[in-house]
Number of protein chains: 2
Amino acid sequence: MKTYSISDVAKELNLTVYTLRYYDKEGLLPFVERTDSGRRLFKENDIEALKVIECLKSTGMPIKEIKSFIDWCGDGDATLQQRYNMFIERKATVEAQLAELNKTMEVIEHKCWYYKTALEAGTEDIHKDDKIEV
Amino acid sequence: MKTYSISDVAKELNLTVYTLRYYDKEGLLPFVERTDSGRRLFKENDIEALKVIECLKSTGMPIKEIKSFIDWCGDGDATLQQRYNMFIERKATVEAQLAELNKTMEVIEHKCWYYKTALEAGTEDIHKDDKIEV
DNA sequence: TTAATCCTTAGAGTTAACTCTAGGTCAAGC
DNA sequence: GCTTGACCTAGAGTTAACTCTAAGGATTAA
């Protein structure tokens with residue numbers, strides 16, 4: 001079975017070796033094995049797990065909570081319900097983030113228009129009577 | 001013209017008074033006036049400006065960069081191009097964030113399905129041959 | 001008029017997530 | 001066999017964005 005060094009994995013996932021060691025220190029990578037001399041040996045599956053960790057991180061989940069999930073994974077079928085609940089919760093979080101980001105996009109697009117027209121007019125004064133300005 | 005105290009504004013925008021004073025200290029609120037005794041006096045327009053600041057913050061823009069924008073606003077029409085460029089850049093950033101968040105959502109939804117079916121089966125083993133697991 | 005409540009500043013403390021350094025071990029290439 | 005570079009740990013340092021404390025002045029309500 002193919003294995004990867006810590007710097008291989010760092011390159012593959014666009015992380016630093018520091019970050020990977022930090023994750024390990026925080027208990028996110030209990031499944032990563034070691035060589036006899038103590039070097040980390042990543043397997044394909046470990047990289048997939050790290051992708052899930054990165055996915056959870058991108059939802060804004062703090063590392064301590066991700067650790068709970070990783071711990072549950074090690075506990076087997078008894079924790080299936082917790083893990084399911086966690087992903088349902090994450091789904092709601094991401095839905096809220098998408099809604100918020102879409103609202104943000106609307107404001108940004110309004111501002112693009114605001115400055116485009118101001119630029120064409122040579123002055124911001126053309127928006128003097130608008131509702132929103134800065 | 002109606003004015004607001006710092007705690008009025010904090011309530012309205014779901015921020016703390018600490019945060020508002022911190023923004024002021026960082027130079028984000030040069031337009032906020034003071035009473036004779038030195039208390040901050042927010043106007044309707046200042047609250048609108050703070051909403052734009054919150055919008056920029058929600059795109060991940062650091063406070064120092066938001067300060068540049070606020071400074072440009074104080075410099076008048078000479079900086080219209082910079083401000084326009086900034087919002088075009090922000091738009092691209094948010095588009096990328098939306099794309100990433102949608103990808104994240106796909107993974108989360110897959111995991112919801114993964115654990116829903118595992119839960120129904122009583123064991124994770126039914127996914128033994130899947131491509132992605134943790 | 002006096003107590004409670006709000007405001008002020010300066011500056012210290014907190015937190016998360018890295019990021020790096022020091023000092024050492026190990027492995028691969030010449 | 002020796003050098004170079006990758007790896008290891010422990011622990012210190014960094015950064016952004018707050019968050020709070022202390023000490024004191026102003027405003028409001030009874």
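Chain naming here is simple, since letters A, B, ... match the order of the sequence lines and numbering starts at 1 in each.
Residues that satisfy the salt bridge (Lys or Arg N to Asp or Glu O under 4.0 Å) test with A/Lys57, not counting sequence neighbours, are A/Glu54. Checked against salt bridge (Lys or Arg N to Asp or Glu O under 4.0 Å), A/Glu44 has no partners two or more places apart in sequence or in another chain.
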(request) Let me have a per-nucleotide readout for nucleotides 5-21 of chain D, 5' to 3', with B, S or -, counting only protein heavy atoms under 4.0 Å. (result) -BSSB-B-----BBBBB

Do any side-chain atoms of residues 28-38 of chain B form donor-acceptor pairs under 3.5 angstrom with protein atoms, and if so which ones, sequence neighbours left out?
residue	atom	partner	partner atom	Å
B/Arg34	NH1	B/Gly38	O	2.8
B/Arg34	NH2	B/Asp24	OD2	3.4
B/Thr35	OG1	B/Ser37	N	3.3
B/Thr35	OG1	B/Ser37	OG	3.1
B/Thr35	OG1	B/Gly38	N	3.4
B/Thr35	OG1	B/Arg39	N	3.1

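The salt bridge (Lys or Arg N to Asp or Glu O under 4.0 Å) analysis of residues 96-106 of chain A, with sequence neighbours excluded, yields no pairs. Residue pairs meeting the salt bridge (Lys or Arg N to Asp or Glu O under 4.0 Å) criterion with at least one member in residues 60-72 of chain B, sequence neighbours excluded, are B/Lys67-B/Asp71.
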